[in-house]
Amino acid sequence: MEERTQDYRFVTTAEDLAGVAKTLQGAEVIGLDLETTALSPRDGRVRLLQLATLEETFIVDVFEAVDLSPLTEILEGGPVKVGHNLKFDHQFLDALHSVSLSPLFDTMLAAQVIDGGNYAASYSLESVAERYVDESLDKSEQRSDWSGKLSEAQLAYAAQDARVLLSLHERLAASLEEEELERISRIEFEAIPTIARMELAGIKLDVARWKELEVTVRERRDRAAERLESFFPPPEGVLPLEGLGPRLNLNSPKQITDAFRTLGIDLSDTKVWTLLKVDHPAAKALLEYRELQKKLGTYLETYPGFISPKTGRIHANFLQCRVPTGRLACTAPNIQQIPHEDEFRRCFVAEDGNTLVIADYSQIELRILAEVSEDPAFVGAFQRGVDLHSLTAATMYNVSMDEVTKVQRTAAKRINFGLMYGRGARSLSAQLGTDEERGRQLIDEYFANYPKVQRFLQRTANRAMRDRTLRTLAGRLRKFGNDPVADDRGAMRREAMNFPIQGAASDIAKLALIYVREELEGLDARLINSIHDEFVVECADERAGEVSEKTRAAMVRAGEEILEKVPVEVEVEVSREWRK
DNA sequence: AGTGAGAGCCAC
DNA sequence: AAACGTGGCTCTCACT
């Protein structure tokens, strides 16, 4: 070793790397951390790789020892690699050194899983170390320049970061065991490589098509704005110059409310639901303006800016444990909220010679409700392959299955979904356009047909109020705060009713993330988007059939591992464009 | 100039 | 309280 101090060994040559590998061979756990010259492997390189065991800490200068192959066996198998936000480390090592870290223990995800959705303000290594092992870290070197000659302070910092992971692991692993969170944490850890690769792969936006859409939407927006403004003539008597500037900001709810008052219309707010009830052409114009402005501002004008100049693709950021129910969240940009219309989704395309495989779970949340409630009619419908919305409509309206009208099925569908979210009579009747009495009647009717669904929802809400804690089928924990104000009781009960359903769907989706990667290994196919119950895979044209079946198989396997009584179905489409 | 709350709306 | 759960993003507006 070139340099040796009490705290760490600094490694710079291939020969030394081989020695490190030998030393680490028998280790059970290794604290692993990287220092990089940028936050994305597209923009920066790995400078340091730190590996810590209880006995010693190695700091590898990756600028000097670029070839990490002596460590491959250690990094891709054997000891558990403990890291903080391993998605980051996985991406750098995968993209720049062809190393796929495994098996994993992520201290950030562990802390989040333990907190059960009652999230702390920060899950930085510094914060988690302070909370769990009462150790305060000096992070002043974190954003220092890692590309030049390294100072003693930088190396000491790097070594400390890797070492603290070991004590954190010990403490967090004990908590996971105590709280019976081993299964769910294992799912989270094993899903990391899939999510890391999904971000690296990115998604292709057909910019020409997108810009074309942008132009037409802008024209439509401008026309809607003109029409809207024509209802609000400028006050008389203004001097010519004063009338020139923009006088009414159409994006300001406050100014819109004031403007409508001049028409004799008092708006409580300017939400869609409110405006729909206003029988005035200005309200229609505003609704149209709003829709187009949203599409322009949020999507059309913004998304091209997210395209990486290095890859020509959009690399979104998926947040693995931010949502209490276990769903992924997505930012910068959120590619889980692209408008569903064809004109938007058809702009997301496969590369030349490739195609998209779009696979989604069929009614997964309703299947989960059937499973957890054990309602015989509900379970039976899925087992027989009967359309649940039609069945619900038939029983609620007292007609036979083939007499159910479209309107009745739509109403039944809304009830099926609404009640999963703890929806009440008033809001249901509002959506259905009936009075509250009729809404009450429909709900009573519904629960008379599916008594165990009602019992499940009530019991779940009661248990949450009593125990302040709930679990999903795979064991994900949700802790509820201790002091709900009286006003929040309803909200908490609704959240509680929804958690086991949305949460189990997330359990299944995360398990599927693991299986999809296993199935597609070595196939020239990669996951490029995950929208809760839908996966988008991009693959070589000639692989489409195989990839479709393997993706479906992975998703069904995940579903059936969690659901025992109810079958799971996955629908798969193949298209060059992202659409159904 | 940056920040944060509020309003509103996109997805599942 | 349009009381339907989970998010993220854009815009306004008031504040520092």
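Labels below follow one simple rule: chain letters A, B, ... track the order of the sequence lines, proteins then strands, and each chain is numbered from 1.
- A straight line from CE of M497(A) to P of dT6(C) spans 12 Å, rounded to a whole angstrom.
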I'd like a table of atom pairs between the protein and nucleotides 8-11 of chain B - only N or O on both sides, under 3.5 Å - with the distance next to each one.
| residue | atom | partner | partner atom | Å |
| --- | --- | --- | --- | --- |
| dG8(B) | OP1 | T270(A) | N | 2.8 |
| dG8(B) | OP1 | T270(A) | OG1 | 2.7 |
| dG8(B) | O3' | R290(A) | NH1 | 3.4 |
| dG8(B) | N2 | K294(A) | NZ | 3.4 |
| dC9(B) | OP1 | R290(A) | NH1 | 3.2 |
| dC9(B) | OP2 | V272(A) | N | 3.3 |
| dC9(B) | O2 | K294(A) | NZ | 3.0 |
| dC10(B) | O4' | Y299(A) | OH | 3.3 |
| dC10(B) | O2 | Q337(A) | NE2 | 2.5 |
| dA11(B) | OP1 | H340(A) | N | 2.7 |
| dA11(B) | O3' | R345(A) | NH2 | 3.1 |

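- Taking atom P in both dC4(C) and dT3(B), one finds a spacing of 36 Å when rounded to whole Å.
- L263(A) CG: more than 12 foreign heavy atoms inside a 6.0 Å radius.
- The number of heavy atoms from other shown groups lying within 6.0 Å of CD (E341(A)) is above 12.
- For D533(A), taking side-chain heavy atoms from C-beta onward, the closest of the listed nucleotides dC12(B), dA3(C), dG8(C) is dC12(B).
- Atom NZ of K510(A) and atom P of dT6(C) are 16 Å apart (whole Å).
- The 5' end of DNA chain C is approached more closely, in terms of each residue's nearest nucleotide, by F417(A) than by the other of N251(A) and F417(A).
- One can place CG of L457(A) at 14 Å from P of dC4(C), the figure rounded to the nearest angstrom.
- Between Y446(A) and Y450(A), the ring center distance clears the sub-6.0 Å criterion.
- Comparing S268(A) and L296(A) along DNA chain C, the residue whose closest nucleotide (by nearest heavy atom) sits nearer the 5' end is S268(A).
- For dG7(C), the OP1/OP2 oxygens have no side-chain nitrogen or oxygen of T325(A) closer than 4.0 Å.
- Between S427(A) and the phosphate of dC4(C), there is a side-chain N or O to OP1/OP2 separation shorter than 4.0 Å.
- Applying the salt bridge (charged side-chain N to carboxylate O under 4.0 Å, His left out) criterion to E371(A), with sequence neighbours excluded, gives K565(A).
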